[in-house]
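The analysis underlying the following values was restricted to heavy atoms, covering all of them including side chains, and did not include hydrogens, waters or symmetry mates. Count residues from 1 along the sequence. These figures come from a predicted structure and were not determined experimentally. Whatever order the structure lists ligands and atoms in, that order sets their numbers, starting from 1.
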Amino acid sequence: MSHKANQRLKTKLEKGSTRAKVVIQTKIYPSEELTVVANIKGKTQPDERLVFSAHIQEPGANDNATGVGVQLEMATLAAKLFQEKKIDLGRTMTFLWGDEIISTRRYILEDKKRATGIKWGISLDMVGENTALTGGSFLIEKMPDPSAIWTRGNDKHSEWGGEVLSLAEMKPHYLNDFIIDNFKKQGTYSNWEVNTNPFEGGSDHTPFLDADIPGLLLWHFTDQFYHTDNDRLDKVSKATLKNVGTAALASALTLLSADKSTALAVLKNIEIAATNRLAIEFELSKAAMAKNSNFKEQIKILSAWEDWYHKTMETVRDLHTGSDEILNTAIEAAQQNLKSLVQKQKGKLRQ
Ligand SMILES: [Zn+2]
């Protein structure tokens with residue numbers, strides 16, 4: 001649709017229902033579905049991998065030449081650093097360029113053995129916006145956490161919108177806070193706004209999650225030019241591309257060479273994130289109760305976050321091969337601290 005037609009339609013819809021006459025010219029023909037796969041093979045655990053995915057089939061500059069381009073830059077730079085022996089990867093770094101969702105899903109489903117080694121999946125989709133022109137900020141769409149059930153406080157859905165999830169659909173994992181932390185650091189460093197949104201779906205992170213592989217989305221929303229003929233190169237920011245590429249590649253390098261010390265560091269980060277999150281949720285619950293909200297409902301919310309972070313702390317084990325006493329003790333201590341924190345909060349709410 002042209003940007004003009006888009007604006008006209010929006011203006012009309014703001015005034016109520018409207019009718020549109022749409023003339024569509026289309027062509028259906030047999031074609032091949034192709035995917036480009038690039039790997040930098042890991043040295044010690046080559047079967048374990050992180051997969052980046054950028055879809056090629058949408059024709060806009062931001063959606064999704066930016067994802068395709070940033071990913072190409074990341075792959076080229078990583079290959080160069082690898083050849084110059086400046087980086088060493090324990091696990092394999094994989095890049096996919098293909099049809100949105102379809103290519104990623106095939107990569108996961110068509111080789112069961114390969115799929116068991118995919119530890120993380122990250123989708124790059126609309127990652128280069130010049131937000132002064134396009135509107136919405138950079139977003140990290142989180143794996144399902146309780147903010148996708150109880151969306152409150154600073155959590156909010158993008159204009160894309162999301163369904164209310166159930167507790168059974170939660171995906172507790174350190175990947176959320178690990179990526180958020182890295183991107184926030186890049187944001188502080190370069191004065192770049194980084195926000196998050198509860199799970200919504202609809203891009204290359206969903207096939208990973210469907211296969212029970214930790215996955216999230218790097219994107220922007222909303223972009224007033226998205227899916228219109230004005231999604232052109234002049235809406236793309238070099239600085240944004242650099243920020244996304246740098247933080248994504250740095251995160252990948254850490255994960256792909258992670259060991260016990262990484263697991264302990266990530267656990268620390270999770271503990272901080274859990275404490276901050278529970279402090280926020282406690283205040284929101286207190287405020288809700290002051291407005292006569294059900295006590296049981298508030299307890300349910302706090303318990304959901306406790307459970308999510310309890311399980312998330314458990315997941316850091318996958319950064320280290322084998323069992324380890326120090327790591328076990330640290331995880332148990334973190335879980336214990338979390339438990340007593342939430343117990344105290346519940347006690348205070350009861351008063
Ligand atoms: Zn897209």
Is it the case that Lys346 and Ser303 place a side-chain donor and acceptor less than 3.5 Å from each other?
yes

Would Thr151 and Lys156 count as having a side-chain donor-acceptor pair, cut-off 3.5 Å?
no

Check all N, O or S atoms of Asp125 and name the one closest to the Zn ion (ligand 1).
OD1

Can you pull out every ring pair (Phe, Tyr, Trp, His ring centres under 6.0 Å) where at least one residue sits in residues 62-94? Sequence neighbours excluded, please.
none

Look at Glu58 and state whether any of its N, O or S atoms is less than 2.8 Å from the Zn ion (ligand 1).
yes

Would you name the N/O/S atom of Asp63 that lies closest to the Zn ion (ligand 1)?
OD1

Going by the ring pair (Phe, Tyr, Trp, His ring centres under 6.0 Å) test, which pairs reach into residues 2-60, not counting sequence neighbours?
His3-Phe225, Phe52-Phe95

